[in-house]
Amino acid sequence: MTVQYDESRVTLVDHPLVQHKVAILRDKDTSTKQFRELVRELALFEGYEATRDFPLEEVVVETPLERCTCMELSGKKVAIVPILRAGLGMVDGLLELVPSARVGHVGMYRDPETHEPHEYYCKLPADVENRTCLLVDPMLATGGSANAAIDYLRRAGVSDVRLLVLVSAPEGLAAVLEHDPDVRIYTCAIDRELNDHAYILPGLGDAGDRIFGTK
Ligand SMILES: O=P(O)(O)OC[C@H]1O[C@H](OP(=O)(O)OP(=O)(O)O)[C@H](O)[C@@H]1O
Ligand SMILES: O=c1cc[nH]c(=O)[nH]1
Ligand SMILES: [Mg+2]
C-alpha cells in the first residue's frame with residue numbers, strides 16, 4: 001500500500017555525493033569510525049539545503065581593486081537540536097555550517113516493544129523561541145520520536161522547525177507531516193517501508209548503535 005503525504009513539505013537531498021555517502025552508510029561492513037564521519041558530512045550537506053532560504057542583506061565590501069555591493073546573512077538566529085543519542089552525530093557538521101548556532105538537546109528512546117518514544121532529558125537555549133530550530137536525527141521510522149520532539153519545541157514557543165533526517169520511511173514522513181502543519185522535512189533518502197519491529201527497510205540498522213559502537 002502506498003503511503004500518501006504532502007510532498008511539498010519534504011526536500012529530498014539527492015546530490016550525487018549524498019547518494020554515494022548514503023550507500024556507504026548503509027553497508028553493514030562500514031566501520032564505526034567511518035559511519036560517524038559520514039553522518040557528520042551528510043548533516044553538513046543537508047544543512048546546506050535546509051538553510052537555502054535564509055535572508056540576506058546588502059553590505060559594501062572593499063576588494064583590493066574597488067568597492068562592491070555583496071550579500072551577507074541578515075542575522076538569522078539558529079538552534080541545532082539533536083534527538084539523543086543518534087542525533088548527536090549530526091551536530092558537528094551543522095556547527096561547521098552555522099558556527100554561531102546554539103545547541104539544545106532532546107533525549108528520547110524508543111521502547112523496543114511498543115515503539116513509543118520516552119523522553120529522558122531536555123534542555124533548550126533560553127531564547128529558543130526566537131530561533132530557527134534544526135531538529136536532527138539520522139532516522140525517521142514511525143515518526144513517534146520526531147513528533148514528541150516537535151511538540152516539545154512548539155510548547156517552548158518555536159515557530160520555525162525544520163526536521164533534518166538522513167533516512168526516512170514513508171510512514172514516518174506521513175506521521176510527522178500530519179501531526180504538525182508547519183514543519184518542513186529534509187531527508188537524504190526515502191526508503192521502502194518499516195518491518196515488524198519498526199525498523200526502516202532497507203535502512204542502515206540502528207543509527208545510535210552504529211555511531212557509538214554500542215552493538
Ligand atoms: O521514528 P521512530 O519510530 O520514533 O524511530 C526513530 C528513532 O529511533 C532511534 O532512536 P533510538 O530509540 O534507537 O535511540 P538512540 O538514538 O539512543 O539509539 C532514532 O535515532 C530515532 O530517534
Ligand atoms: O531503522 C531504524 C529505526 C529506528 N531507529 C534506527 O536507528 N533505525
Ligand atoms: Mg538507537
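Every number for a ligand or one of its atoms is a count from 1 in the order of the listing. Note: hydrogens, waters and symmetry copies are ignored here, and every other heavy atom, side chains too, is used.
By the side chain to side chain donor-acceptor pair (under 3.5 Å) test, N195 pairs with no residue at all, sequence neighbours left out. Residues meeting the ring pair (Phe, Tyr, Trp, His ring centres under 6.0 Å) test with Y109, sequence neighbours left out: H118.
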Does ligand 1 have any N/O atom under 3.5 Å from a protein N/O, and what are those pairs and their distances?
residue	atom	partner	partner atom	Å
ligand 1	1 (O)	A141	N	2.9
ligand 1	1 (O)	T142	N	3.1
ligand 1	1 (O)	G143	N	2.8
ligand 1	3 (O)	R110	NH1	2.8
ligand 1	3 (O)	T142	N	2.9
ligand 1	3 (O)	T142	OG1	2.6
ligand 1	4 (O)	S145	N	2.9
ligand 1	4 (O)	S145	OG	2.6
ligand 1	5 (O)	R110	NH1	3.4
ligand 1	12 (O)	R110	N	2.8
ligand 1	16 (O)	R85	N	3.0
ligand 1	16 (O)	A86	N	3.0
ligand 1	17 (O)	R85	N	3.3
ligand 1	17 (O)	R85	NE	2.9
ligand 1	18 (O)	R85	NH2	2.9
ligand 1	20 (O)	D137	OD1	2.9
ligand 1	22 (O)	D137	OD2	2.4

For ligand 2, run through the N/O pairs with the protein that fall under 3.5 Å and put one pair on each line.
residue	atom	partner	partner atom	Å
ligand 2	1 (O)	I200	N	2.8
ligand 2	7 (O)	A207	N	2.8
ligand 2	8 (N)	G205	O	2.8

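V158 and V176 fall within a single hydrophobic cluster, where Ile, Leu, Val, Met, Phe, Trp and Tyr are joined by side-chain heavy atoms under 4.5 Å apart, directly or via other members.
No side-chain heavy atom of L84 sits under 4.5 Å from any side-chain heavy atom of V106. Side-chain contact check for V161 versus R154: some heavy-atom pair is nearer than 4.5 Å.
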Between R9 and D6, is a salt bridge (Lys or Arg N to Asp or Glu O under 4.0 Å) present by the stated rule, with each step listed? CA-CA 6 Å; R9 286 196 283 144; D6 178 2; 3.4 Å; yes
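Here the side chain of E171 pairs no donor or acceptor atom with the backbone of T142 at under 3.5 angstrom.
Between E37 and R40 there is no salt bridge, since no side-chain N of the basic residue sits under 4.0 Å from a carboxylate O of the acidic one. A salt bridge links D53 with R162: the closest approach of a Lys/Arg side-chain nitrogen to an acidic carboxylate oxygen falls below 4.0 angstrom.
Taking backbone and side chain together, D206 holds an N, O or S atom under 2.8 Å from the Mg ion (ligand 3).
Between the NZ atom of K21 and the CD atom of Q34 there is a distance of 9.0 Å, given to the nearest 0.5 Å.
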